[in-house]
Amino acid sequence: MIEIYSQNFDDVWFSVACSQNQIISTSFSTSQQLTLSNILENLPFNIPFEVFHKPSAFAKTILSSLKAIYDGKNVNANFSLALTRLPPYTQKTLKATAQIPIGYIASYGAIAKAVGGGPRAVGNIMASNPFAPIIPCHRVVKSDFSLGGYGGGLKTKFDLLVKEKKGFLTSKDIEVNGRKLQVFPVEYSLRNSVAVFS
DNA sequence: TGCAAACCATAAC
DNA sequence: GTTATGGTTTGCA
């Protein structure tokens, strides 16, 4: 049985689908209906589910972590995510994305080079990330540092990155999948978007 | 800048 | 099997 919970913090809705202390999917949006339909799209079709109005203890910790991440806080969310039902390449790409530290961004192409495959394939996987914002697909941008796209709208992506600003000055390499992945300070990306979104 | 062509894993037929 | 679809990238005018 998959359990679905939904909670509002400061006018933003956060939802989670979980089963036996494993997270199947998470989502957030200003509309509760939207988060729920996002979640439902990611459910395995052959398992029954139920939507609950009172969060379980487990759900409470997840939902408040989602809110903390949304607020730009550095949460070490070591929840167990149900990745195995996803295609192997998708798993690999999501895991790589999860390693981008807060305050930094990486490009679709750079991730593609680290995990193998091409930039557009990576973009497609970001677009269908079942674990937003736990897996920080908002930290993935175009190679010219412009924002790229975002399921919840570009303004949301911009706001998230603003909240994650750490004042880092230079790029650095992190190790992903045994290969190097270059990440850049979020500021690189915000510079050119500020005029549009603020 | 702007456009065309290459790119590549998935999902949908 | 095959085709269509992008949250892309690169090169070239």
Side-chain angles (χ1 to χ4, degrees), chain A residues 12 14-15 17 24-31 34-35 37-47 66 69-70 72 81-165 171 173-174 176-198:
Chain A
V12 181
F14 299 85
S15 298
I24 312 287
S25 178
T26 58
S27 166
F28 71 97
S29 162
T30 48
S31 138
L34 222 55
T35 61
S37 58
N38 277 341
I39 294 265
L40 292 180
E41 279 174 18
N42 293 319
L43 254 37
F45 63 91
N46 53 346
I47 303 180
L66 293 180
I69 294 170
Y70 175 82
L81 307 178
L83 287 166
T84 48
R85 63 191 180 80
L86 302 170
Y89 181 77
T90 304
Q91 293 184 38
K92 214 181 352 173
T93 305
L94 290 178
K95 283 182 192 165
T97 305
Q99 291 185 251
I100 305 172
I102 190 168
Y104 289 96
I105 51 170
S107 75
Y108 299 99
I111 292 178
K113 267 199 283 182
V115 299
R120 305 196 73 175
V122 171
N124 282 335
I125 290 168
M126 294 304 113
S128 58
N129 173 20
F131 303 106
I134 295 182
I135 291 188
C137 56
H138 56 278
R139 294 181 197 149
V140 185
V141 302
K142 288 199 184 186
S143 59
D144 64 358
F145 296 121
S146 63
L147 248 35
Y150 196 66
L154 277 187
K155 166 93 169 107
T156 305
K157 185 172 187 173
F158 174 82
D159 289 340
L160 277 173
L161 291 178
V162 166
K163 287 184 277 193
E164 294 189 346
K165 269 196 298 187
S171 73
D173 288 339
I174 64 177
V176 165
N177 199 36
R179 271 178 262 198
K180 289 209 164 125
L181 171 65
Q182 191 177 21
V183 298
F184 298 85
V186 286
E187 282 84 347
Y188 282 38
S189 229
L190 298 178
R191 268 202 278 278
N192 296 321
S193 315
V194 148
V196 184
F197 293 111
S198 47

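Labels below follow one simple rule: chain letters A, B, ... track the order of the sequence lines, proteins then strands, and each chain is numbered from 1.
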Are the side chains of A:Gln99 and A:Leu181 in touch, meaning some heavy atoms are under 4.5 Å apart? no

Is any side-chain heavy atom of A:Val196 closer than 4.5 Å to one of A:Phe158? no

Check whether any side-chain N or O of [X] sits under 3.5 Å from a backbone N or O of [Y] as a donor-acceptor pair, and report yes or no.
X	Y	result
A:Asn129	A:Ile135	yes
A:Gln91	A:Leu86	yes
A:Arg85	A:Ile24	yes

Mind calculating the distance between [atom1] ([X]) and [atom2] ([N]) to the nearest angstrom?
X	N	atom1	atom2	answer
A:Phe145	C:dG7	CZ	C1'	17 Å
A:Met126	B:dA9	CE	C1'	12 Å
A:Ile125	B:dA9	CD1	P	9 Å
A:Arg120	B:dA5	CZ	P	14 Å
A:Arg139	C:dG7	CZ	C1'	17 Å
A:Gln91	B:dA9	CD	P	15 Å
A:Leu94	B:dT10	CG	P	10 Å
A:Leu147	C:dT8	CG	C1'	14 Å

State, to 0.1 Å, how close [X] and [Y] come at their nearest heavy-atom pair, and which atoms those are.
X	Y	value
A:Ala132	A:Thr26	O-OG1, 2.8 Å
A:His138	A:Glu164	NE2-OE2, 2.9 Å
A:Asn42	A:Pro130	ND2-CA, 3.6 Å

What nucleic acid atoms does A:Val122 come within less than 4.0 Å of, heavy atoms only: base, sugar-phosphate, or nothing? nothing

Scan A:Gly118 against the nucleic acid and name what it touches under 4.0 Å (heavy atoms): base, sugar-phosphate only, or nothing. sugar-phosphate

Stems formed with participation of DNA chain C [Watson-Crick or G-U wobble, under 3.5 Å, three or more pairs]: B:1-6 with C:8-13, B:8-13 with C:1-6

At a cut-off of 3.5 Å, list every protein nitrogen or oxygen paired with a nitrogen or oxygen from nucleotides 9-13 of chain C, distance to 0.1 Å.
from  : atom 1 : to       : atom 2 : distance (Å)
C:dT9 : OP1    : A:Gly109 : N      : 3.0
C:dT9 : OP1    : A:Ser143 : N      : 3.3
C:dT9 : OP2    : A:Ser143 : N      : 2.8

Any chance you could lay out the side-chain contact (heavy atoms from CB on, under 4.5 Å) test for A:Tyr89 and A:Val115, step after step, and finish with the verdict? CA-CA 8 Å; A:Tyr89 181 77; A:Val115 299; 3.7 Å; yes

Counting side-chain heavy atoms from CB outward, which of C:dG7, C:dG6, B:dA9 is closest to A:Tyr89? B:dA9

Does OH belonging to A:Tyr70 count more than 12 external heavy atoms closer than 6.0 Å? no

Between protein and nucleic acid, restricted to nucleotides 11-13 of chain B and to nitrogen or oxygen atoms under 3.5 Å apart, what atom pairs and distances do you find?
none

Steps toward salt bridge (charged side-chain N to carboxylate O under 4.0 Å, His left out) verdict (A:Lys155, A:Asp159): CA-CA 6 Å; A:Lys155 166 93 169 107; A:Asp159 289 340; 3.0 Å; yes

